[in-house]
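Because the structure is predicted, anything quoted here is derived from the model rather than measured.
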Number of protein chains: 2
Amino acid sequence: MLASGSMLPVTDTTDLRERRRLATRADIETAALDLFTRQGSDRTTVDEIAAAAGVSPRTFFRYFPTKEDAALGTNRAFDTAIATRVRGPVTLPEIVDAVAATLGEFDGAPIDRLLQVRCLLNHDDNLRRAALRMEAERCWEVHGDLRTRVMNETVNVAMRAALDEWATHRAAGEDADLVEIFREVCAIQSRMFDGFLMKRAS
Amino acid sequence: MLASGSMLPVTDTTDLRERRRLATRADIETAALDLFTRQGSDRTTVDEIAAAAGVSPRTFFRYFPTKEDAALGTNRAFDTAIATRVRGPVTLPEIVDAVAATLGEFDGAPIDRLLQVRCLLNHDDNLRRAALRMEAERCWEVHGDLRTRVMNETVNVAMRAALDEWATHRAAGEDADLVEIFREVCAIQSRMFDGFLMKRAS
DNA sequence: TGCCAACATGGCAGTCACTGCCACTAGGGT
DNA sequence: ACCCTAGTGGCAGTGACTGCCATGTTGGCA
């Protein structure tokens, strides 16, 4: 056979084995998402997901630490994508831009899947808990100073609320722009603090 | 024996059976807190807690839905106490006052236990996840409009950060005032939004 | 005082998430 | 043709949590 790697066109950037791994991973994710959508995550067992994906239950756990994680890949990818764009201390408008840019690079199939996941999250309590846990763990890992942490989590609240609102509207068939909604949510937060600092100066 | 109830002085406001229930509940909570502090929540089994509290494992689950919940009673009580003081739309300074008032009524043994729990939370990842879950569920139950929800969760972020900071300082032997810290955290949030609304008007 | 109903608990068996271990197979490099 | 390793499956085990039933305990009431 041909030596893979350097001379082949960069179709998928990975060697054969890795491509298989990614494929199985995707299979499991799809199966989980499908089953969760139909029966809810708490009515679905790992054995079912594994069977639907054509792997053994043991293998399932080699790809995902918990059954909930199997459905949250896209969600995690989105968070990560935003996080990598927001490094160090930044202003709120910069974050809004980062969200917009990230949304742009997710356009197409990924955005559909993200929508699907977020819709699921709005109805599936168990899954929502898991998503919250992932989010919290990410925040906890950062371990910066108080200011960094508070800013991080405050933005997270806005992002989560915006995603939920966005998913709700889209699920109802309406049109909705995530960036616009995110801006609105930030505005709500902003109004909370109107005059809060002034008061102490006077 | 005497007929309990109407003619007795209102020592504890409850009948005998309820008092026993509360006692067992307290026993379990104490046992859980103790074991978690010493070995961490993930190294502690329900059977251990139950044995330490002098009840059967089956009974344990009649009092608490998960083993983590057993240690979070005080934490929950504190949140509930604040929440009952903050009804309907309120301003941030009013919330600060509510926190101060709640802290006042927790003075003494309850505040020590709250401190113990929050210190635990800073080191025990598993327990922290559970606390986050409880918090999230409370938010999710409210189900108000977007604005209510965002405000709720934004304040929650501040409260949680303040509690962690407070616990960290107190654990290090330093003195720290929760209300003061909470105010600082709000100030951090406030500064995030400085000029955010202005920009769009100009 | 004695009986009954409701409550509180314990024990048991079962489900399910998740893990460690070992054995097997299939690719890929030499 | 040979090994070597990554990927997989199976199996047994732990531990959280639940439903069911049997037992003891308590409070009310005749």
Side-chain angles (χ1 to χ4, degrees), chain A residues 1-8 14-28 31-32 35-36 39-72 124-127 129-130 133-134 137, chain B residues 1-8 12 14-28 31-32 35-36 39-72 124-127 129-130 133-134:
Chain A
M1 306 297 173
L2 289 176
S4 63
S6 52
M7 46 169 42
L8 283 180
T14 52
D15 72 301
L16 191 143
R17 258 178 179 157
E18 177 119 6
R19 235 173 302 162
R20 285 232 175 121
R21 272 182 55 81
L22 290 179
T24 352
R25 194 183 176 83
D27 286 347
I28 297 176
L35 284 166
F36 288 176
Q39 346 175 320
S41 65
D42 47 357
R43 294 257 164 233
T44 306
T45 68
V46 171
D47 289 31
E48 278 180 286
I49 303 173
V55 297
S56 74
R58 188 66 190 84
T59 294
F60 174 92
F61 286 108
R62 289 208 177 85
Y63 283 86
F64 299 98
T66 73
K67 77 171 169 179
E68 289 82 11
D69 277 324
L72 296 174
D124 193 315
D125 286 2
N126 183 45
L127 207 57
R129 276 196 282 268
R133 205 190 62 187
M134 277 178 66
E137 265 157 18
Chain B
M1 308 296 172
L2 290 175
S4 64
S6 49
M7 48 169 40
L8 283 179
D12 253 342
T14 52
D15 70 300
L16 192 144
R17 254 177 182 159
E18 178 118 5
R19 236 174 301 162
R20 285 236 175 121
R21 273 182 55 81
L22 289 179
T24 357
R25 194 183 177 83
D27 286 348
I28 296 176
L35 285 165
F36 288 175
Q39 350 175 319
S41 66
D42 48 356
R43 293 260 162 231
T44 307
T45 68
V46 171
D47 289 32
E48 278 180 286
I49 303 173
V55 296
S56 75
R58 188 65 190 83
T59 294
F60 174 93
F61 286 108
R62 289 209 176 84
Y63 283 87
F64 298 99
T66 72
K67 77 171 170 177
E68 289 82 11
D69 278 325
L72 297 174
D124 192 315
D125 286 2
N126 183 45
L127 206 56
R129 275 196 283 268
R133 206 189 61 187
M134 277 179 65

Apply side-chain contact (heavy atoms from CB on, under 4.5 Å) to B:R62 and list each qualifying residue two or more places apart in sequence or on a separate chain. B:R58, B:T59
Across all chains, not counting sequence neighbours, the side-chain contact (heavy atoms from CB on, under 4.5 Å) partners of B:F64 are B:R25, B:I28, B:F60, B:D69, B:A70
Closest of C:dA17, D:dG10, D:dA16 to the B:T45 side chain is D:dA16
The side chain of A:V55 is closest to which nucleotide in this list: C:dG10, D:dG9, C:dC16? D:dG9
[X] [atom1] - [N] [atom2] separation (whole Å):
{"X": "B:L35", "N": "D:dA16", "atom1": "CG", "atom2": "P", "value": "12 Å"}
{"X": "A:D47", "N": "C:dC18", "atom1": "CG", "atom2": "C1'", "value": "11 Å"}
{"X": "A:R19", "N": "C:dA26", "atom1": "CZ", "atom2": "P", "value": "20 Å"}
{"X": "A:E18", "N": "D:dG7", "atom1": "CD", "atom2": "P", "value": "8 Å"}
{"X": "B:E48", "N": "D:dA16", "atom1": "CD", "atom2": "P", "value": "9 Å"}
{"X": "A:D69", "N": "C:dA17", "atom1": "CG", "atom2": "C1'", "value": "13 Å"}
{"X": "B:R20", "N": "C:dT9", "atom1": "CZ", "atom2": "P", "value": "10 Å"}
{"X": "A:I49", "N": "C:dA17", "atom1": "CD1", "atom2": "C1'", "value": "11 Å"}

Check the pair A:N126, A:R129 against side-chain contact (heavy atoms from CB on, under 4.5 Å), reporting the backbone distance first and the verdict last. CA-CA 5 Å; A:N126 183 45; A:R129 276 196 282 268; 4.1 Å; yes
Paired with B:K67, the side chain to side chain contact (heavy atoms under 4.5 Å, CB included) test is passed by just one of B:V46, B:L35, B:D47, namely B:V46
B:L127 side, atom CG; B:L72 side, atom CG - distance, nearest 0.5 Å: 5.0 Å
Nearest 0.5 Å please: distance from the CD atom of A:E48 over to the CD atom of A:Q39. 4.5 Å
Between B:R17 and A:R21, which is nearer to the 5' end of DNA chain D once each is assigned its nearest nucleotide? A:R21
Selection: residues 58-68 of chain B, any non-hydrogen atom under 4.0 Å of DNA chain C: B:R58, B:T59, B:R62, B:Y63
